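Below: the structure, in structure tokens.
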There are 2 protein chains.
Amino acid sequence: MKRLTLEEIGRIAGVSRSTVSRVINDHPNIRPAVRQRVEDVIRQTGYQPNSAARSLASRQSRVFGLVMPSILQSAFADPYYPLVIQAISHACNQHDYTPALFLFQTPEEEEKMSQRIVASGLIDGLIITADTINSTFVSKIQQYDIPFVQIGRPPTSNAASISYVDVDNEAGAYLAASHLVQLGYRRIGQLATAHNTAGADRDAGYRHALGDRGLEVDEALVKVSDFSEAGGYQAMQALLDQQPEAIFAQSDAIALGAVRAIRDRGLRVPDDIAVVGFDDMPLAANADPPLTTVRQPINRTGMLAVETLIDIVRTTPEPARHIVLPVELVIRASSGAVY
Amino acid sequence: MKRLTLEEIGRIAGVSRSTVSRVINDHPNIRPAVRQRVEDVIRQTGYQPNSAARSLASRQSRVFGLVMPSILQSAFADPYYPLVIQAISHACNQHDYTPALFLFQTPEEEEKMSQRIVASGLIDGLIITADTINSTFVSKIQQYDIPFVQIGRPPTSNAASISYVDVDNEAGAYLAASHLVQLGYRRIGQLATAHNTAGADRDAGYRHALGDRGLEVDEALVKVSDFSEAGGYQAMQALLDQQPEAIFAQSDAIALGAVRAIRDRGLRVPDDIAVVGFDDMPLAANADPPLTTVRQPINRTGMLAVETLIDIVRTTPEPARHIVLPVELVIRASSGAVY
DNA sequence: CAAGGTATTGAGAGCGCTCTCATATCCTTG
DNA sequence: CAAGGATATGAGAGCGCTCTCAATACCTTG
């Protein structure tokens, strides 16, 4: 199957290359009859414009890069990231953009790739998943003039100049912790995470909720974990010695690990210890017991990241766009509110 | 920062565009002194060749498409797919290819995208994850002359003409089931899956293992599940009525669901029922009890898929390459062999 | 029905690279 | 040291598209 060109389509339709180009790019001022004729030829031949030629002439590729820096390598086990990828992929498909994937397993890999990513012209813009504090990648990328949006809030120090899409982590944690307070629990522990803004915001929400209800935060009831089930299991084991009545876990995976640790100690959820998670991953609903958690809108996050990036690419990049999406508390059995 | 071109690099280095191009593409017959000089300029300026121009002139993009057809949409919850993506991404990085991601959530999306994927020239080759029997995508793609390799064995009917990288599912299942037989279990059930070649091969391995040891397969001990934890939970509940002594689950997620179902029935693993999984996902080792399972080399699978595709793109596509990787049994507590 | 627009189309010049072919330079060796 | 062959470099012609600008076709309206 020989590859067709604009020229040939034009020849078949009896018009010039330029006119065919106009039809394809939906320019105004083409006689309806001509447009129709050209469209027919395109449809019948199955012609697809050559994307390299288009990129070269138009100076844009309609390819976005989806970047996950090295810090997150292991975090890929967390089902959150696959869901984000899926959401972004879907959004890109809808807007006729192609997502290129850049997962970095080491800083060296990151270093090696970043130059090519920003300067080869392959990529029109970047979606960066890196709420890790002090990501070197973001500061490196800022020196180039490639548009990007971040998923998750950047550290306060440079959040103003960076466009991002985030969920309201603080409000979510506030809801979760308040829910536990209202249920009558007093010794409410937290399985927290370190070095990421989402974790920091969830921590703040937890503290505000307790404070607003006149409870003091007992630091012995706050343990740090990573975002994995295993991490939650370990942290919960340490926490169990403090005899908490309820737990706010900063992610569903952590919560599930906590549940397992609680059971291993011969205790029951929620009868002995109530548990609330965060994220509302698919597994939260199927867990045993079903997990009370904070639902964050991952699909909308991905969609908005893509649309914001398209907007930035097409128009002026100033000022930076900041989007914070609302979250909601999903009450299930693990918090002891329903059975 | 103005974008540099070959021409300008040449001017700075005092040579022609052609010579710079030769240096970049590692052509022979350049005086060492000149090559050095050009390389210095490139390094100092941070020049990166424009990829659109390169693609247009050389007719290849160094972009591979990573396709996951719509059937698998929900299966993305299975940690297997993220790991495959990660492996392929890493392999692409190493070989200076860019992976573009095409996840299809619906047949319509698949239909809409496929034309662009194969005919726009954006993509040099495809890696298709679709061991689902009767994938329409593969048969569609075969009509074009775009190179591709599949991860997972295609259905026997057209496996001969398709290049693929697979793991030895049958041998793995054989190992797993044999392990259970050797431990003295007799009523060995299977949590199987339908409509995919990996499942069919694992089923075959299970049956051969039992047959080779003189055990007959009791069809009442074989239940069909999907690849999820929830599916395994459900299927196991049905299976429990048949009072199996041991279970071979076709994936780790299924095995974990089975363990949960067994526990909910008040039974213990492995004391009352032994469980073996398949895949050796990270969560298998951390499970409770740690899961005996069949380890498949996902990183090698991804690497070989990429390298095979590169080979096909660069040389003649004939004959189709078939690679089957060995697997190994990882014995942990869930099968009752170790504690 | 001519003049003066406006709507529609085509021609041409790149976009930044690769690759072939011609030219220039460098060694050999007789 | 001249001739011949190898080696090294440059010039030029695209790759298939977009976009500007000029040319043509089509309408108005006085």
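Letters go in sequence order (proteins before strands), and every chain restarts at 1. Keep in mind the model is a prediction, meaning the values are calculated, not measured.
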**Study point:** Length of the CD1-P vector between A:I30 and D:dT24, whole Å
**Key:** 20 Å
**Study point:** From CD1 (B:I85) to CG (B:L83), nearest 0.5 Å
**Key:** 9.5 Å
Review point. Does any N or O in the side chain of B:E39 come within less than 3.5 Å of the main-chain N or O of B:V23, such that one atom is a donor and the other an acceptor?
Key: no
Practice item. Sugar-phosphate means primed atoms, P, OP1 and OP2; the rest is base. With that split, encode nucleotides 10-17 of chain C 5' to 3' as B, S or - using protein heavy atoms under 4.0 Å. Key: BBBBBBBB
Check your understanding: Is it true that B:D40 and B:R37 make a salt bridge, defined as a side-chain N closer than 4.0 Å to a carboxylate O?
Key -> no
Exercise for review: Compare all side-chain heavy atoms of B:M68 with those of B:F102 and state whether any distance is below 4.5 angstrom.
Suggested key: no
Check your understanding: Taking atom types as modelled, is there a side-chain donor on B:Y144 or B:Q115 under 3.5 Å from an acceptor on the other?
Key -> yes
Point to revise | B:N25-B:R54 side chain donor-acceptor pair, cut-off 3.5 Å | key: yes
Study note, to complete from the structure: Whole-Å distance, A:H27 NE2 to C:dA7 C1', equals 16 Å
Review point. Considering the options B:L309, B:V149, B:V165, B:I312, which one meets the side chain to side chain contact (heavy atoms under 4.5 Å, CB included) requirement together with B:R321?
Key: B:I312
Check your understanding: Residues from residues 31-40 of chain B sitting under 4.0 Å of DNA chain C, heavy atoms only?
Key -> none
Review point. So does A:N29 get a side-chain nitrogen or oxygen closer than 4.0 Å to the phosphate oxygens (OP1/OP2) of C:dA7?
Key: no
Point to revise | Side-chain donor/acceptor of B:D124 to backbone N/O of B:R62, under 3.5 Å | key: yes
